[in-house]
Amino acid sequence: MTNDQPFVDLRKYDQSWFDRGRPSWYVLLWWLVQAIAFPLTPQPLNILRCALLRLFGASIGKGVLIRPTARFTYPWKVTIGNYSWIGDNVVLYSLDRIHIGEHCVVSQKSYLCTGSHDIQDPAFGLKTASITINNGAWVAADCFVGPGVQIGANAVIGARSTVLTNMPSGQVCWGSPCRPKTSRIKPDTPTNP
C-alpha cells in the first residue's frame, strides 16, 4: 500500500455490537426532548433540566446546576454528584459511562468524549472507555477529555487543555497534551510569632 492509498475502508465499518443502553425509539425520544426542552428552559429552571435527565435515567445529585445548552448523548450513562456544575455548551458524549463527582465544575465548551476509533483497524472500529472526574475537580473552559481518562480529586484542568491520560489529585494541570504543573493546595506556611 502506498501513502496515497487509504488505509481504512469505511464500507467495512460495523458498530452493530455497540449497546446504546436503550432501544432506538427511546434514544430518539431523548434527543427530541433535549433539542426542544433544554434550550427553551430559562436559566433559573435548572430544576426542570435535572428532572428531565433523571427521567431519562441519569443519576443527578442534589444542588446540581446544568446550563440550558449542555448536551448529553445518552443520559442513562451519566452520573453527576451533589452540587456539581455543568456549563454552557458542554458535551457529554456518553457512549460509555461518565462519572462526575461532587462539587465538580465542567466549564463552558468542554467536551467529555468516551468514544474513539481504532487507528490500526482498516474497518475504523469503534472503541469506548469511561471517564471519571473525581470530587472537587474543575475542568476549565474549552477542554477535551478523552476516553478512559480519570481526573483526580481536587485537580484543576486549565482552559483549552487536551486530556488524554489520567491526571493526579490536587494538581493544577494544563496543556496539549495536558500535564501536571503545580499543586492546587499550597502547603501550610508557619505563621510568625
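Note that these values count all heavy atoms, side chains included, but never hydrogens, waters or copies made by symmetry. Counting from 1, the numbers follow the sequence of the chain as shown. Nothing here was measured: the structure is a model prediction, and the numbers come from that model.
In the hydrophobic clustering of this structure, Tyr83 does not group with Ile133; members are Ile, Leu, Val, Met, Phe, Trp, Tyr whose side-chain heavy atoms approach within less than 4.5 Å, directly or through other members. When the side chains of ILVMFWY residues are joined at heavy-atom separations under 4.5 Å, either directly or via intervening members, Leu29 and Leu48 end up in a single hydrophobic cluster. Cluster annotation: Leu55 and Trp25 are assigned to the same hydrophobic cluster (Ile/Leu/Val/Met/Phe/Trp/Tyr, side-chain heavy-atom contacts under 4.5 Å, transitive). Hydrophobic clustering (ILVMFWY, side-chain heavy atoms < 4.5 Å, transitive): Tyr26 and Phe18 are in one cluster. Under a hydrophobic clustering in which Ile, Leu, Val, Met, Phe, Trp and Tyr are joined whenever their side-chain heavy atoms come within less than 4.5 Å, directly or via other members, Trp31 and Phe56 fall into the same cluster.
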task = Dump the intermediate steps for side chain to side chain contact (heavy atoms under 4.5 Å, CB included) on Cys50 and Ile66, then the final yes or no.
result = CA-CA 7 Å; Cys50 287; Ile66 297 172; 4.1 Å; yes
key: Stepwise side chain to side chain contact (heavy atoms under 4.5 Å, CB included) check, Val33 with Phe38   = CA-CA 8 Å; Val33 167; Phe38 265 55; 5.9 Å; no
ask   = Which is it for Ile119 and Asp121 under the side chain to side chain contact (heavy atoms under 4.5 Å, CB included) test, yes or no, and what are the steps along the way?
value = CA-CA 6 Å; Ile119 63 171; Asp121 179 6; over 6 Å; no
task = Start with the C-alpha distance between Asp88 and Thr69, add both sets of side-chain angles, then the distance that settles side-chain hydrogen bond (donor to acceptor under 3.5 Å, both in side chains), and finish with yes or no.
result = CA-CA 5 Å; Asp88 276 315; Thr69 54; 2.7 Å; yes
task = Check the pair Ile86, Ile80 against side chain to side chain contact (heavy atoms under 4.5 Å, CB included), reporting the backbone distance first and the verdict last.
result = CA-CA 9 Å; Ile86 306 298; Ile80 302 174; 4.0 Å; yes
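Although no hydrogens or angles enter the test, the distance criterion places no donor-acceptor pair under 3.5 Å between the side chain of Asp118 and the main chain of Gly125. Checked by atom type and distance alone, the side chain of Ser110 pairs as donor or acceptor with a backbone atom of Ala140 at under 3.5 Å. At least one donor-acceptor pair under 3.5 Å links the side chain of Asn46 to the backbone N or O of Val64. With hydrogens and angles ignored, the 3.5 Å screen pairs a side-chain donor or acceptor of Arg54 with a backbone N or O of Ile60. Counting only distance, with no hydrogens or angles, the side chain of Ser169 and the backbone of Ala153 share a donor-acceptor pair below 3.5 Å. At distances below 3.5 Å, not a single donor-acceptor pair connects side-chain atoms of Ser94 with backbone N or O atoms of Lys77. Under the 3.5 Å distance criterion, the side-chain polar atoms of Ser84 are matched with a main-chain donor or acceptor of His103.
Looking at Ser116 and Pro147, their side chains come closer than 4.5 Å, going by heavy atoms from C-beta outward. With a 4.5 Å cut-off on side-chain heavy atoms, Ile151 and Asn134 do not count as touching. Inter-residue side-chain proximity for Phe144 and Ile157 is flagged as unmet; no heavy-atom pair is nearer than 4.5 Å. The shortest distance between side-chain heavy atoms of Arg71 and Gln34 falls below 4.5 Å. Phe72 has its side chain out of reach of Val91: every pair of non-hydrogen atoms, C-beta onward, lies at least 4.5 Å apart. Tyr111 has its side chain out of reach of Cys143: every pair of non-hydrogen atoms, C-beta onward, lies at least 4.5 Å apart. Side chains of Pro122 and Lys12 form no contact here, defined as non-hydrogen atoms less than 4.5 Å apart.
In the hydrophobic clustering, where aliphatic and aromatic side chains (Ile, Leu, Val, Met, Phe, Trp, Tyr) are joined below 4.5 Å either directly or transitively, Trp138 groups with Leu65, Trp85, Val105, Val156, Val172, Trp174.
Heavy-atom minimum distance, Ser161 versus Cys173: OG-O, 4.3 Å. Among all heavy-atom pairs drawn from Cys104 and Gly136, the shortest one is SG-N, 3.7 Å. Of all the heavy atoms in Gly61 and Asn82, the pair that sits closest is CA-OD1, 3.2 Å.
The pair Asp142-Lys109 does not count as a salt bridge, with every side-chain nitrogen at least 4.0 angstrom from each carboxylate oxygen.
In this model, a donor atom of one side chain and an acceptor atom of the other lie less than 3.5 Å apart for Gln43 and Arg67. For the residue pair Ser59/Thr79, the side-chain donor-acceptor check at 3.5 Å is not satisfied.
Heavy atoms of other residues, nucleotides or ligands lying less than 6.0 angstrom from NZ of Lys181 number more than 12. Summarising the local packing, CD1 of Ile47 is surrounded by 12 or fewer heavy atoms from other residues, nucleotides or ligands at distances under 6.0 Å. More than 12 heavy atoms of other residues, nucleotides or ligands shown are found within 6.0 angstrom of CG on Leu40.
Every ring pair (Phe, Tyr, Trp, His ring centres under 6.0 Å) that Tyr74 has, sequence neighbours left out, goes to Trp76. Residues forming a ring pair (Phe, Tyr, Trp, His ring centres under 6.0 Å) with Tyr93 (at least two apart in sequence, or on another chain): none. For Thr182, there are no side-chain hydrogen bond (donor to acceptor under 3.5 Å, both in side chains) partners at least two apart in sequence or on another chain.
Distance check, rounded to the nearest 0.5 Å: SG of Cys178 to CG of Asn166 gives 11.0 Å. Taking NE2 of His99 as the start and CG of Leu112 as the end, the distance is 12.5 Å to the nearest 0.5 Å. Considering CG of Asn154 and OG of Ser183, their distance stands at 10.0 Å, rounded to 0.5 Å. Separating the OG1 atom in Thr41 from the CG atom in Leu52 is a distance of 8.0 Å, to the nearest 0.5 Å. The OG1 atom of Thr114 sits 4.5 Å away from the CG atom of Leu95 when rounded to the nearest 0.5 Å. Here the SG atom belonging to Cys113 is positioned 10.5 Å from the CG atom belonging to Leu92, to the nearest 0.5 angstrom.
For the salt bridge (Lys or Arg N to Asp or Glu O under 4.0 Å) condition, no pair includes a residue of residues 18-33, sequence neighbours left out. Under the salt bridge (Lys or Arg N to Asp or Glu O under 4.0 Å) criterion, no residue pair touches residues 89-103, with sequence neighbours excluded.
Ring pair His117/Phe124 is parallel by interplanar angle, where below 30° counts as parallel and above 60° as perpendicular.
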